[in-house]
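Working notes, beginning with the structure itself.
Just so you know, ligand 1 is whichever comes first in the structure, and atom 1 is the first atom listed for that ligand. When reading the values below, keep in mind they use all heavy atoms of this one structure, side chains included, and skip hydrogens, waters and symmetry mates.
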Amino acid sequence: MCADPGIGSPKNIILVIGDGMGLSQISAAFYNVGRKYSLEAFPIIGFQKTYAANNLITDSAAAGTAIACGCKTKNNFIGVDPKGNKCESILEEAERFGLATGLVVTSSIQHATPASFFAHQPARNLYEDITLELLDSGIDLFIGGGKQHFERREKDERNLTQELKGKGFEIFDYFNNDLATIKPDTLKRFGYFTADKEPLSAIAGRDYLPQAATLAANFLKHRSPNGFFLMVEGSQIDWAGHSNKTEALYEEMEELDLTLQKLLEFARKDGNTLVIVTADHETGGLGLNRGTSNLLAPKFTTNGHTGVMVPVFAYGPKAELFRGIYENTEIHTKMQQAFGFSQN
Ligand code: MG
Ligand code: ZN
């Protein structure tokens with residue numbers, strides 16, 4: 001098996017997932033910001049079908065697994081097929097091909113979406129087991145919450161932060177280190193905890209994603225001449241949807257827009273980076289109704305997820321692969337194709 005980067009293949013892929021970000025969430029954000037939204041700069045648009053193996057309404061575990069591993073699975077499953085067999089993720093495959101890899105999220109790092117890229121478990125809430133898999137992964141960088149599962153484990157007395165250091169990681173956290181003080185070119189591997197449990201919502205003051213995503217892209221580029229895979233998640237768009245809070249949604253979408261601006265800037269300068277933006281599913285069944293004085297009156301129709309297709313935006317080398325309507329599992333296949341990973 002070999003990486004065969006065909007003509008025009010990107011060296012790097014940055015996959016951005018807005019958890020729960022359907023077309024309504026994006027449209028609402030467009031109207032709300034009153035300026036050009038970063039997604040309007042993406043030349044290639046597609047749609048993906050989000051359903052799970054056992055349910056037309058997916059959860060973030062099955063959808064994350066589909067996107068990360070190319071495998072339709074049951075809700076609640078992480079990185080395994082419906083029978084429980086392990087599926088290799090694009091991040092793991094990238095590591096196998098000698099690329100640098102990273103995850104940057106606004107949830108805990110053990111949450112379903114990021115976990116789908118490095119863990120293989122029959123249930124998404126097995127946080128301590130998921131944490132152990134991060135330790136054993138070849139990942140070079142992670143930024144997110146969930147510090148407690150490394151340091152105050154219920155199962156055993158292990159201090160996984162110490163063990164991470166033993167594996168060449170430098171570990172930082174929100175309490176002791178400002179992200180701006182981290183010098184990526186001096187590090188080999190690093191983890192940055194943005195919270196003990198779940199990070200704050202954007203409306204409560206969280207704003208690290210643009211800076212963290214930029215830091216990650218620069219670090220990974222420096223780290224590997226062969227290229228990198230980076231997944232960035234706007235995790236809490238979904239939570240705003242579950243709680244039916246429009247103002248919270250706007251703040252989450254604003255942070256994602258600023259992040260996308262930074263990542264596009266990186267990709268433009270680099271010239272060798274494919275940026276893909278999509279969602280795992282829509283959350284809240286958001287309708288954009290007519291309000292008073294020509295204003296939008298967004299209205300949620302559920303506290304759960306819905307089955308509507310979600311858009312895919314692509315920018316950079318091999319972006320054209322992402323045109324059309326396809327299964328969520330094909331995001332994985334298309335990333336493999338873009339990287340030139342041959343399958344046997
Ligand atoms: Mg998520
Ligand atoms: Zn959700």
With sequence neighbours left out, what residues match Ala52 under side-chain contact (heavy atoms from CB on, under 4.5 Å)? Asn54, Thr58, Ala62, Asn75

Note: Asp140 and Leu99 closest approach over all heavy atoms is OD2-O, 4.3 Å

I need the minimum non-hydrogen distance between Ala202 and Glu252, along with the two atoms involved. N-OE2, 2.8 Å

With the Zn ion (ligand 2) as the centre, enumerate protein N/O/S atoms below 2.8 Å in chain and residue order. Asp238 OD1, Asp238 OD2, His242 NE2, His305 NE2

Applying the ring-ring contact (aromatic ring centres under 6.0 Å, His included) test to Phe142, which of Phe193, Phe190, Phe117 qualifies? Phe193

Rounded to the nearest 10 degrees, what's the angle OE2 of Glu233 makes with OD2 of Asp19 at the Mg ion (ligand 1)? Could you check? 100°

Metal site the Mg ion (ligand 1): N/O/S of Ser60 inside 2.8 Å: no

Salt bridge (charged side-chain N to carboxylate O under 4.0 Å, His left out) against Arg153, all qualifying residues, sequence neighbours excluded: Asp156

Suppose we call two aromatic rings close when their centres sit under 6.0 Å apart. Are Phe313 and Phe322 close by that rule? no

Tracing side-chain contacts under 4.5 Å among Ile, Leu, Val, Met, Phe, Trp and Tyr outward from Leu23 reaches Phe47, Met309, Ile325

